[in-house]
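To keep things clear, I will list the structure first and then write my remarks on it.
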Amino acid sequence: MNKSNTNKIFIGVSWPYASGKIHLGHLAGQNITCDVFARYHRLKGNEVLMVSGSDSHGTPILFKAQELGIEPEKLAQQSHKEIKETFKKLSLIYENYTSTTTENHKEVTQNIFLVLKELRYLYPKKSKQFFDEKVGKFLPDRYVRGTCPNCGEPNARGDECPTCGAFLKPTDLINPYSTLSDTKPVLKETEHFYLDLKKLEKPLSEWIDKQGIHWRKWVREFSKGWINEGLEPREVTRDMKFGIAVPVQGWEDKVIYVWMEAVIGYLSASIEWAQKSGDSSKWENFWKDPDCKHYYFIAGGNVPFHTIIWPGQLIAYNEKYMNDSLWEKYKLPGESKKEKLNLPYDIPANKMLLYKGKKMSKSDNTGMSADSLLEKYSPDLIRFFFVRNSPENHDREFEWSDFIDCNNNELVANIGNFINRTLTFVNTKFNNTVPKGSLENNVQKEIEKEFNKIGEYIEKCEFVKASEELLHLGDFANKYFNDKAPWVSFKENIKDCENTIFNSIQLVNALRILLKPFTPNSSEKLKVMLNIQDEYDQNIDLEKNGKVSKIQDNWKFTQIDSGTHLNTPEILFEKI
RNA sequence: CGCGGGGUAGAGCAGUGGCAGCUCGUCAGGCUCAUAACCUGAAGGACGUUGGUUCGAAUCCAACCCCCGCAACCA
């Protein structure tokens with residue numbers, strides 16, 4: 001393939017919190033569609049860098065670890081390992097899946113912190129915050145409760161009243177108490193760094209106006225709404241030791257707040273990937289080439305971090321490249337080009353997956369972990385289901401009947417059945433050898449149409465529609481088979497029958513290729529059944545060797561020759 | 001309170017001015033190569049409510065009702 005046709009795609013996937021297992025919300029939110037997107041682009045012959053990792057710092061891990069009586073580092077490490085295993089079982093391939101505990105991440109985070117500080121986007125300010133004397137900790141807003149001054153609700157949270165919806169500060173509460181010890185917290189003075197979002201308001205607003213055109217409507221409107229309400233400076237440090245230390249003298253006892261730190265992981269994981277690959281500057285190909293599009297796969301709740309805070313950090317940091325002394329003083333690992341970092345291109349965020357009308361959370365319903373689903377069902381079914389039912393624009397209820405219907409009516413009855421009836425026919429009537437024939441015009445047209453449509457939908461991050469098109473091709477194929485009635489022509493007009501089966505085989509092969517991003521394991525099985533040799537696939541390469549050795553466009557239809565001897569057909573999708 | 005999103009067939013959703021659509025389910029008939037599948041057809045809708053603009057509104061405007069998010073670390 002001609003190099004000039006190759007596009008670069010950077011994919012950042014929301015970092016799962018290392019305090020427990022992956023649950024269905026993660027799958028519905030971002031972890032399946034990102035892989036479909038990445039696999040498609042690799043297949044298409046584009047250079048892909050998809051990174052993510054476990055968000056291994058923060059108060060909830062600390063508290064959960066205390067509860068379990070283990071060190072927070074240990075809990076994070078354990079969770080990280082579990083998460084990685086779950087992702088592997090789901091056939092998710094990342095160019096780099098790491099964690100926020102690496103030295104590299106610390107270095108990059110502190111580098112960004114210091115540059116933003118020098119550029120005066122970060123400044124220190126003193127304030128009084130609630131402190132739980134019994135536990136010996138400053139309290140995050142939501143760990144302080146008390147009576148709402150607005151409506152009198154006795155258990156209002158320090159950030160928001162659940163009854164009247166008023167936004168609160170912990171100090172607004174009447175009779176505040178700490179949820180950690182049920183004691184009355186005291187106000188204590190502390191000093192923190194703040195990110196001056198106010199200064200970033202204008203450039204962010206302009207950026208969203210320009211860039212947000214192709215975002216999902218709700219993502220764009222939500223982000224604009226945030227900005228229109230006015231951005232306030234935000235605290236970026238915390239009074240604790242678990243995390244990345246603030247790299248400033250006298251601040252050794254404080255760490256950088258995870259919301260600022262975790263998003264930096266997208267950059268640090270790319271840098272780590274470059275180092276692992278043996279060319280420590282390679283990340284710049286993705287971060288400094290203005291033609292490289294950056295996609296962030298996240299779930300609803302994280303939108304502001306990815307449309308405001310992370311781009312804000314990048315806009316601010318990019319001033320480094322216009323300042324010679326900062327450029328000399330604060331180089332990122334492997335950094336060689338004095339060029340700006342890319343901002344997000346698209347943020348295809350998903351809404352929430354609800355279970356019994358409620359948001360899924362890590363604390364309840366362990367039965368809804370991804371692992372529990374994987375024990376019973378194939379990764380391909382799980383992948384297909386969460387693409388078909390991706391909550392792209394609305395919250396969505398998880399229903400078991402939908403899950404079963406998706407398998408039995410769509411994968412099995414539509415696509416699986418067509419493949420099975422065709423392969424069985426070849427096996428029983430033609431000694432498992434592809435008969436003579438030529439590709440019919442309408443079949444070819446339909447196949448090409450679907451390659452285009454599905455490709456376009458995936459590129460636009462419209463995964464529900466893309467998967468719907470797969471079913472359309474399945475419908476077409478089943479109808480074709482039925483209309484041609486090869487079981488009749490087998491007795492009356494063998495030439496006709498051969499041609500029909502030849503064309504059906506081509507449809508099976510088209511489906512196999514089109515299914516690759518969605519159900520890669522089934523496509524592999526089909527590849528064996530169809531006895532296809534020497535087909536190059538970046539995805540497989542990456543999965544087996546961790547590296548891509550060759551780039552070529554494989555998102556296209558290829559014909560299977562007459563006379564090809566097939567392997568014994570097997571059921572591809574099992575009914576449940 | 002405010003901001004944002006949403007309210008379209010039994011379910012899930014598409015549809016931004018021109019006879020109301022898709023996937024699944026339901027019912028009837030057909031077919032039989034196939035995982036009792038597949039094909040054809042049908043039923044099923046005051047497009048949240050009320051008013052307005054227009055030759056014409058699910059679509060534009062106004063008011064209202066209901067559901068879901070919303071300052072963190074929760075996908």
Side-chain angles (χ1 to χ4, degrees), chain A residues 13-17 19 22-31 55 57-61 140-142 150 159-160 164-167 216-226 228-229 231-232 234-235 257-262 297-305 308-309 349-354 357 359-363 388-389 391-397 399 401-402 405-406 408-410 412-414 416-426 428-429 462 464-465 467-468 471-472 475 478-479 481-488 490 497 500-501 504 569 571-575:
Chain A
V13 188
S14 186
W15 291 48
Y17 209 54
S19 68
I22 291 295
H23 58 75
L24 301 193
H26 293 96
L27 306 187
Q30 70 282 124
N31 286 298
D55 182 356
H57 296 134
T59 339
I61 293 179
D141 292 356
R142 53 167 46 200
N150 207 28
D159 53 350
E160 188 187 1
C164 70
F167 286 127
R216 285 181 187 159
K217 191 183 159 201
W218 74 269
V219 174
R220 182 180 59 240
E221 296 305 322
F222 183 77
S223 306
K224 278 166 112 173
W226 240 58
N228 289 341
E229 280 177 45
L231 299 176
E232 293 300 321
R234 293 178 66 87
E235 221 175 286
Y257 218 151
V258 272
W259 65 254
M260 176 179 183
E261 180 222 311
F297 283 76
I298 61 168
N302 279 329
V303 165
F305 292 105
I308 311 249
I309 288 170
N350 274 355
K351 292 267 190 175
M352 292 285 169
L353 183 74
L354 307 174
K359 223 161 124 170
M360 284 189 205
S361 90
K362 279 180 181 160
S363 46
R388 289 289 294 135
N389 296 280
E392 288 172 359
N393 296 303
H394 311 275
D395 287 348
R396 205 176 173 115
E397 182 73 23
E399 298 274 6
S401 58
D402 288 345
D405 286 352
C406 171
N408 291 352
N409 300 333
E410 300 187 343
V412 174
N414 181 326
N417 181 60
F418 173 70
I419 292 169
N420 189 240
R421 71 203 294 203
T422 301
L423 295 184
T424 311
F425 203 97
V426 177
T428 55
K429 303 283 199 292
E462 294 182 26
V464 176
K465 282 189 180 165
S467 63
E468 208 171 289
L471 298 176
H472 281 265
D475 280 343
N478 273 310
K479 188 166 160 48
F481 199 96
N482 227 63
D483 290 350
K484 293 280 177 176
W487 58 92
V488 175
F490 183 72
C497 177
T500 301
I501 295 305
S504 297
I571 295 291
L572 197 59
F573 300 109
E574 297 276 358
K575 217 173 151 94

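Small disclaimer: the values here were computed from a predicted structure and weren't measured.
Going from atom NZ of A:Lys484 over to atom C1' of B:C39 covers 15 Å, rounded to whole Å. Between the C1' atom of B:A11 and the CZ atom of A:Arg388 lies a distance of 13 Å, rounded to the nearest Å. Here the P atom of nucleotide B:G69 and the CD1 atom of A:Ile298 are 17 Å apart, to the nearest Å. What separates CG of A:Leu24 from P of B:A75 is a distance of 13 Å, to the nearest Å. What separates CD1 of A:Ile22 from C1' of B:A75 is a distance of 9 Å, to the nearest Å. Atom pair A:Phe418:CZ and B:C39:C1' shows a separation of 14 Å (rounding to whole Å applied). In this structure, A:Phe305 places its CZ atom 10 Å from P of B:A71, rounding to the nearest Å. Note: CG (A:Asp475) to C1' (B:C24) measures 11 Å, nearest angstrom.
Looking at residues two or more places apart in sequence or on another chain, you find no side chain to side chain donor-acceptor pair (under 3.5 Å) involving A:Asn408. A:Lys575 is linked by a salt bridge (charged side-chain N to carboxylate O under 4.0 Å, His left out) to nothing, counting only residues two or more places apart in sequence or in another chain. Partners of A:Lys429 according to the salt bridge (charged side-chain N to carboxylate O under 4.0 Å, His left out) rule, which considers only residues two or more places apart in sequence or in another chain, do not exist here. When the salt bridge (charged side-chain N to carboxylate O under 4.0 Å, His left out) test is applied to A:Glu410, the partners found at least two apart in sequence or on another chain are A:Arg388.
Residues A:Ala28 and A:Pro391 come closest through the heavy atom pair O-CD, 3.5 Å. Closest of all the heavy-atom pairs between A:Ser223 and A:Val303 is OG-CG1, 3.7 Å. Between A:Gly58 and A:Tyr17, the closest heavy-atom pair is CA-OH, 3.2 Å. The two residues A:Phe481 and A:Pro486 come nearest to each other via the heavy atoms O-CD, 3.2 Å. Scanning all heavy atoms of the two residues, the minimum distance from A:Ser19 to A:Ile61 falls at CB-CG1, 3.9 Å. The two residues A:Asn478 and A:Asn414 make their nearest non-hydrogen contact at ND2-O, 3.0 Å.
Pairing for B:A75 is absent, with no Watson-Crick or G-U wobble pair whose two atom distances lie under 3.5 Å. Judged by Watson-Crick or G-U wobble contacts below 3.5 Å, the nucleotide B:A62 has B:U50 as its partner. Searching all strands for a Watson-Crick or G-U wobble partner of B:C38 with both distances below 3.5 Å returns B:G30. As the counterpart of B:C70, B:G2 is assigned, both hydrogen-bonding distances of the Watson-Crick or G-U wobble pattern falling under 3.5 Å. For B:C55, the paired base is B:G18 (Watson-Crick or G-U wobble, both distances below 3.5 Å). The pairing partner recorded for B:A11 is B:U23, the criterion being a Watson-Crick or G-U wobble arrangement whose two distances lie under 3.5 angstrom.
A:Lys575 comes within contact range of at least one nucleobase, with a heavy-atom separation under 4.0 Å. Residue contacts for A:Glu410: at a heavy-atom cut-off of 4.0 Å it reaches the sugar-phosphate backbone alone, with no base atom in range. Contact annotation for A:Gly58: no contact, since no heavy-atom pair falls under 4.0 Å across all strands. Using a 4.0 Å heavy-atom distance criterion, A:Leu572 is classed as a base contact. Residue contacts for A:Asn417: at a heavy-atom cut-off of 4.0 Å it reaches a base atom on one of the strands shown.
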Using a cutoff of under 3.5 Å, can you pull out all pairs of nitrogen or oxygen atoms linking the protein to nucleotides 4-6 of chain B, with atom names and distances?
none

Short N/O separations, protein against nucleotides 31-33 of chain B, under 3.5 angstrom:
unit_1: B:C33; atom_1: O2; unit_2: A:Arg421; atom_2: NE; d: 3.3
unit_1: B:C33; atom_1: N3; unit_2: A:Arg421; atom_2: NE; d: 3.3
unit_1: B:C33; atom_1: N3; unit_2: A:Arg421; atom_2: NH2; d: 2.5
unit_1: B:C33; atom_1: N4; unit_2: A:Arg421; atom_2: NH2; d: 2.7
unit_1: B:C33; atom_1: N4; unit_2: A:Asn482; atom_2: OD1; d: 3.0

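Listed pair A:Asn478 / B:A37 fails the phosphate criterion, with no side-chain N or O lying under 4.0 Å from OP1 or OP2. Contact annotation: A:His472 side-chain N/O to B:C22 OP1/OP2 distance is not under 4.0 Å. Within the structure, every side-chain polar atom (N or O) of A:Lys465 is placed at least 4.0 Å from both OP1 and OP2 of B:U23.
When distances run from any side-chain atom of A:Phe573 to the nucleotides B:U23, B:U35, B:A75, the shortest one goes to B:U35. Here the nucleotide nearest the side chain of A:Asn409, chosen from B:A34, B:U23, B:G25, is B:G25.
Taking the six-membered ring where tryptophan is involved, the planes of A:Trp259 and A:Phe305 are tilted, since the angle between them lies from 30° to 60°.
Remark: the separation of the C1' atoms in B:C67 and B:U8 is 16 Å, to the nearest Å. Spacing of P atoms, B:C74 relative to B:G15, comes out at 34 Å, to the nearest Å. Between B:U54 and B:C61, the two C1' atoms lie 12 Å apart (nearest whole Å). Taking atom P on both nucleotides, B:U53 is separated from B:G21 by 28 Å, rounded to a whole Å. Taking atom P on both B:G25 and B:G18, the two are 31 Å apart, rounded to the nearest angstrom. Rounded to whole Å, the C1' atom of B:A36 lies 28 Å from the corresponding atom of B:A9. Taking the P atom of each, B:U16 and B:C60 are spaced 9 Å apart, rounded to whole Å. Taking atom P on both nucleotides, B:U49 is separated from B:G45 by 15 Å, rounded to a whole Å.
Checking A:Ile61 against A:Ala413, the closest nucleotide of RNA chain B that is more toward the 5' end is the one next to A:Ala413. Summary of the strand contacts: A:Pro304 and A:Pro391 both lie near RNA chain B, and taking for each the nucleotide with the nearest heavy atom, the more 5' one is attributed to A:Pro304.
Considering CZ of A:Phe490 and OG1 of A:Thr500, their distance stands at 12.5 Å, rounded to 0.5 Å. Atom CH2 of A:Trp226 and atom CD1 of A:Ile309 lie 5.0 Å apart (nearest 0.5 Å).
Base orientation at B:A36 is anti, since its O4'-C1' glycosidic dihedral falls outside 90° of 0.
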